[in-house]
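In what follows, chains are A, B, ... by sequence order, proteins preceding strands, each numbered from 1.
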Protein chains: 2
Amino acid sequence: MSHTVGVRQAQKQKTRQALLDAGLRLLEEQSLSSLGLREVTRLVGVAPAAFYRHFRDMADLGVALVEEALGSLHVMIRAILAEQNGDEERIEGTVDAVARHVRAYPAHVRFIARERHGGVRPVREAIAAELGRFVDEVAAAFALQLEADGWSAEDIRMLAELYVDHMVMTAAAFLEAAPDRSAVADASASEDPAAADRAASAAEARIAATARSQLRIISLGRQHWRDA
Amino acid sequence: MSHTVGVRQAQKQKTRQALLDAGLRLLEEQSLSSLGLREVTRLVGVAPAAFYRHFRDMADLGVALVEEALGSLHVMIRAILAEQNGDEERIEGTVDAVARHVRAYPAHVRFIARERHGGVRPVREAIAAELGRFVDEVAAAFALQLEADGWSAEDIRMLAELYVDHMVMTAAAFLEAAPDRSAVADASASEDPAAADRAASAAEARIAATARSQLRIISLGRQHWRDA
DNA sequence: TCATTCAGTAAACAGCCGTTCTCTCACTTT
DNA sequence: AAAGTGAGAGAACGGCTGTTTACTGAATGA
């Protein structure tokens with residue numbers, strides 16, 4: 001029917017996405033610097049040479065994955081910042097949003113946590129740049145409220161960094177609480193999948209409670225900042 | 001003179017340490033999951049098969065590196081906790097100690113930051129276990145002061161986790177501010193090494209100032225915790 | 001309709017990988 | 001002094017790696 005923008009480009013982007021998906025899947029159990037080109041193309045079912053039609057090398061694919069992973073995070077952040085409730089509701093909303101996001105995109109979150117300090121420089125820099133943009137967003141949202149209270153721009157940014165780092169930290173903690181099937185088999189000697197689920201969600205609840213308390217600490221510190 | 005405990009075992013441990021050192025050096029520019037056995041033995045100047053006399057595989061070497069890296073950190077933590085000064089002095093001491101430690105053992109710190117969420121499960125677990133012991137130590141040190149103020153054990157541990165995570169975060173940030181020679185060449189187009197040093201130490205000072213402010217936020221939050 | 005473009009194929013390349021042998025020979029124990 | 005031990009050497013193995021080459025054939029645009 002309607003030739004969207006060319007059957008050819010559509011097929012190309014489809015393969016490109018398949019490469020990204022395969023890469024992300026393989027990266028759940030290894031680091032980017034050990035991910036092989038042939039490994040990815042094999043999983044997609046495509047010739048190794050086809051890889052070069054889409055990415056220069058693995059670092060290039062990694063940078064593309066960073067944009068994909070952190071693009072979806074931007075949506076989440078904006079939703080949290082949009083809430084104009086009180087402190088306690090904002091804390092609740094933040095932790096819930098992080099938990100939901102980790103559940104929805106575990107591979108993306110794992111990739112970011114893993115490669116943030118990983119062995120591939122261009123990817124590290126891409127993550128740092130994108131997280132920096134997050135800090136800017138959070139800082140801008142805080143500025144409306146805090147500038148009136150006499151906060152300097154640097155202090156607002158400092159606080160925003162603390163929040164963003166804490167969110168990344170919390171997301172990584174949630175990931176370890178929701179382990180993959182093999183780790184579940186290790187943890188519970190029994191073969192009861194329901195027991196594993198219960199153990200995992202209990203760990204998740206504990207992490208959420210810790211994260212909320214930590215955010216409360218930071219929130220209290222923010223309220224009393226001017227007394228210094 | 002004195003036969004320590006056998007010339008043979010001494011030589012073996014010497015080679016073992018050489019393997020660990022070579023591994024740590026190579027890990028500055030890649031992740032553990034991509035580090036090759038031959039790569040390490042080649043740098044040491046030893047046959048590939050000799051590796052197996054000391055480690056089962058690369059993950060085994062990684063776990064050994066975790067103990068080496070976090071053993072030296074224990075010393076640092078204890079030194080900070082020993083200080084019985086006021087809040088501001090403790091904050092200053094903490095950030096200074098972290099900065100000094102990153103300068104003294106950059107490769108160790110980089111390894112921990114990189115492999116904490118890296119692709120090798122046994123290493124991840126070893127780091128998590130060791131960091132957990134840190135949290136215990138910090139929590140025990142806080143307990144003396146905070147239990148009297150009516151803090152629960154869980155809340156003390158929550159606060160200790162926040163501190164430890166913030167220290168790891170800060171250490172990782174310092175690392176990025178003190179880049180290796182190649183990155184310095186990228187950053188400053190000139191060939192003036194002094195200019196690069198100045199830029200690096202300026203970035204370091206900025207990170208230290210941010211870390212101090214963040215610790216102040218947390219400290220203020222801790223002081224007003226009971227009001228909830 | 002015909003020439004062009006280009007995503008993906010298939011094969012071949014040199015090179016590195018982890019692992020397994022057998023061997024040597026300096027140290028250790030008796 | 002003799003027997004035993006064990007760290008390391010050296011070579012060989014099959015298998016996997018990234019990259020390049022020449023190619024096919026379907027979607028494209030004139």
Non-hydrogen side-chain atoms of A/I112 and A/E130 separated by less than 4.5 Å: no

Pairwise side chain to side chain donor-acceptor pair (under 3.5 Å) hits with a residue in residues 33-48 of chain A, at least two apart: A/Q30-A/S34, A/Q30-A/E39, A/S33-B/S31, A/S33-B/S34, A/S34-B/S33

Closest-nucleotide 5' rank along DNA chain D - winner of B/R8 and B/A50: B/R8

Nearest-nucleotide comparison on DNA chain D, the residue closer to the 5′ end among A/R53 and B/V46: B/V46

Select base, sugar-phosphate, or nothing to describe what [X] touches, counting heavy atoms under 4.0 Å on all strands.
{"X": "B/R56", "result": "nothing"}
{"X": "B/Y52", "result": "base"}
{"X": "B/R16", "result": "nothing"}

Contacts of type side-chain hydrogen bond (donor to acceptor under 3.5 Å, both in side chains), residue B/R16, not counting sequence neighbours: none

Salt bridge A/E204-A/R103, side-chain N to carboxylate O under 4.0 Å: yes

Ion pair B/E161/B/R157, N-O distance below 4.0 Å: yes

Chain A footprint on DNA chain D, 5' to 3' - any atom under 4.0 Å from a heavy atom: D/dT17 to D/dT28

Results of ring pair (Phe, Tyr, Trp, His ring centres under 6.0 Å) for B/H166 - residues two or more places apart only: none

ring-ring contact (aromatic ring centres under 6.0 Å, His included) pairs, two or more places apart, involving residues 15-39 of chain A: none

Boundaries of the chain A footprint along DNA chain C (any atom under 4.0 Å from a heavy atom): C/dT5 to C/dA12

A/R25 to A/L43 - nearest heavy-atom pair and separation: NH2-CD1, 3.6 Å

Along DNA chain C (nearest heavy atom to each residue), the more 5'-positioned of A/H54 and B/A49: A/H54

